[in-house]
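A short write-up of the structure that comes next.
Note that this is a predicted model, so its numbers are computed, not measured. For this chain, numbers begin at 1 and follow the sequence in order.
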Amino acid sequence: MRKYITLAKLAMQAAIAYRMSFLINMLGGMFFIIAMFYLWEAIYQGKPVIVNFTWEQMKTYLFVAYLSNSLLSFYSEGKIGGRIRSGEVAIDLLKPLNFQRARFAETIGTSVIEGGLTVVLMVGLAIVFEGVQLPTHALTWVYFIISMLGAVVIKFGVVYLFALCCFYTDSVYGISLARAAVTNLFSGALVPFAFLPGWLNSLCEVLPFKGIVYVPSMIYLEQLNGSALWQAIGEQFLWAAGLWILGTLLYSRAVRQVTIYGG
C-alpha cells in the first residue's frame, strides 16, 4: 500500500510541475460549461420549467456535472495510453507493482489537484452567474461525496478499459475522443436523462456511465432520496467493482501484445 501512496504523491507533484497542461484543460472545460450555460439560458427563455427542471436546477446541474466530469481529465487518460504506446509498460512489467493499481494511484494523485482547481473555478463561476443552489440538508453533502468517490472509480474503470485498446492501435488521441463522446452522452454530462427520448433514457439507466455524472448531480439536487438514493450509490460501487475486474482480465490478455526486442 505504501508504494501506491508514494505513486499518488509523485503524481500530485508532477501535476503541479506541469500545471500549464492542467490550466489549459481547466480553461477548456470552463469555456465548455459557459457555452452550455448560455445555450440552456436561451432554451429556458420565458419557460420557468422544462421537463420538471427549473432554470435554477438546470444551472446547478450543469455546474455539478462539470465538477463530476473534470475529476479525471484527458491528462490522466493520456498518461495511461501514452505509457502503453511508448513502451514504458515493458518496464512496468519488471516492477513489483500491479499495473492497474499503480495507474489508479497516479490517477487519484492527479485528481486531487484537478478536483481542487475545478472547485475553485466552479465557485468563481457560481458567483459570477448566481442562482446555483446548495443542498438544503447537511447529509446530502455526505451522500454527494460518497457518490463522487464512486464516480471517480467508475470513470477510471472506463478510461482504463479504453486505454487498453492502445495495445492494439497507435491512436491514443482517437481512443480518448471516442471514450469522451460515449461517456458524455451516456453519463448525462450533456443533458439530464429526462430530456432524452424514452429508449435512450432507458439505455442510459442500465449502463455504468450514469454513475459518473447523473447520479452525483441528482443526489446534489436532492432528487434522489431514501431507498432510491442508496440503490443508486450501491449500483455505482457495483459497477466500479465490475469495471475493475474486467480491466484486470483484459489487461492480462492485452499485455501479451507487448514485444521486447533484443532479448
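- Side-chain contact between Phe53 and Pro192 is present, with at least one heavy-atom pair separated by less than 4.5 Å.
- Between Leu243 and Pro208, some side-chain heavy-atom pair lies under the 4.5 Å cut-off.
- Relative ring orientation between Phe37 and Phe63 is described as tilted, the plane-to-plane angle lying within the 30° to 60° band.
- The ring of Phe195 has its center closer than 6.0 angstrom to the ring center of Trp40.
- Between Phe209 and Trp239, a ring centre-to-centre spacing not shorter than 6.0 Å is recorded.
- Between the side chain of Glu106 and the backbone N or O of Leu7 there is no donor-acceptor pair closer than 3.5 Å.
- Geometrically, Arg253 does not engage Tyr251 in a cation-pi contact defined by less than 6.0 Å to the ring centre and at most 45° from the axis.
- Heavy-atom minimum distance, Met36 versus Leu190: CE-O, 3.1 Å.
- Partner of Ile212 under the side chain to side chain contact (heavy atoms under 4.5 Å, CB included) criterion, chosen from Ile154, Asn184, Val153: Ile154.
- At least one donor-acceptor pair closer than 3.5 Å links the side chain of Glu222 to the backbone N or O of His137.
- There is no side-chain donor-acceptor pair under 3.5 Å between Gln45 and Glu41.
- In this structure, Tyr220 has its ring center closer than 6.0 angstrom to the ring center of Trp141.
- Looking only at distances, a side-chain donor or acceptor of Gln100 sits under 3.5 Å from a matching main-chain atom of Trp244.
- The two residues Gln236 and Gly211 have their closest heavy-atom pair at NE2-O, 2.7 Å.
- Side-chain contact between Gln57 and Thr54 is present, with heavy atoms from C-beta onward closer than 4.5 Å.
- Checked by atom type and distance alone, the side chain of Ser147 never pairs as donor or acceptor with a backbone atom of Ile233 at under 3.5 Å.
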